[in-house]
Amino acid sequence: MFINDLNRCNEYLNYEEYEQQIRQILYAGQDNELHLYHKESTDGWNVDEPCTLSILVKGQQAVVNYFSEDNVEIFASIGDLDREDDFRWQIGVNDYSVAGYQILSIEKALQCALEFYHTQEKPTCIEWEEL
């Protein structure tokens, strides 16, 4: 499994190393953008992968997106549906519009990343909305 974040792209064949790296990135308290996928590409993030999990990290909050094969289906995480606020997140050089109800805790984002390692499918540990 590859982890591509704002600092580097590395492959992790061992689950324990993968888990340790994901934990380190998510709990660093720094804004980050992670892309998790099974095969390497020339541009570091292959959107044509059978599936990709993307995690936007802003402090202690995260938004998770899942991209199915060839981006036929795209999903965003659902956190608290009672949140009606919207945010603009600047992460690295990218600017994102984030609906408050899509925001998850770092712990939930970690659960998604760990489940994705084993299945390479949309994690079942959270609710999703199709975009």
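These numbers come from a predicted model, not from an experiment. Computed from heavy atoms alone, side chains included, the values below leave out hydrogens, waters and symmetry copies.
- A 4.5 Å side-chain heavy-atom check between Ile25 and Asn7 finds every atom pair outside the cut-off.
- Formation of a donor-acceptor pair under 3.5 Å by the Asn14 side chain with backbone atoms of Glu16 is found in this model.
- Within the 4.5 Å cutoff, the side chain of Tyr12 has no heavy atoms near those of the Gln20 side chain.
- At least one donor-acceptor pair closer than 3.5 Å links the side chain of Glu115 to the backbone N or O of Thr124.
- In plain terms, the two heavy atoms of Leu26 and Ala109 that are nearest each other are CD1-C, 4.2 Å.
- Annotation: side chain of Tyr27 is in contact with side chain of Glu107 (closest heavy-atom distance under 4.5 Å).
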Q. Under the side chain to side chain contact (heavy atoms under 4.5 Å, CB included) criterion, do Phe116 and Cys51 qualify, and how do the steps go?
A. CA-CA 10 Å; Phe116 186 74; Cys51 48; 4.1 Å; yes
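- The CZ atom of Phe2 lies 12.0 Å from the OG1 atom of Thr52; values are rounded to the nearest 0.5 Å.
- Considering every non-hydrogen atom in both Leu36 and Met1, the closest pair reads C-SD, 4.2 Å.
- Glu130 CD: more than 12 foreign heavy atoms inside a 6.0 Å radius.
- Nearest heavy-atom pair across Pro123 and Cys112 is CG-O, 3.5 Å.
- Environment of CD in Gln60: crowded, with over 12 heavy atoms of neighbouring residues, nucleotides or ligands closer than 6.0 Å.
- Judged by distance alone, with hydrogens and angles left aside, the side-chain atoms of Gln90 form a donor-acceptor pair with the main-chain N or O of Gly92 at under 3.5 Å.
- Of all non-hydrogen atoms in Leu53 and Trp128, the two that sit nearest each other are CD1-CH2, 4.2 Å.
- In this structure, Arg8 has no salt bridge (charged side-chain N to carboxylate O under 4.0 Å, His left out) partners at least two apart in sequence or on a different chain.
- Between Tyr117 and Leu13, the shortest heavy-atom contact is OH-O, 2.9 Å.
- The salt bridge (charged side-chain N to carboxylate O under 4.0 Å, His left out) check on Asp85 picks up Arg83, with sequence neighbours excluded.
- Hydrophobic side-chain contacts under 4.5 Å tie Val98 into a cluster, directly or through other members, with Leu6, Leu56, Val63, Phe87, Trp89, Ile91, Tyr96, Ile103.
- Contact between Asp86 and Ala99 at its shortest, heavy atoms only, is OD1-CA, 3.3 Å.
- Put simply, the side chain of Asn10 does not reach to within 4.5 Å of the side chain of Ile3, judged on heavy atoms.
- A distance of 8.5 Å separates CD in Glu11 from NE2 in His38, rounded to the nearest 0.5 Å.
- One N or O on the side chain of Asp31 and one on the backbone of Gly59 form a donor-acceptor pair closer than 3.5 Å.
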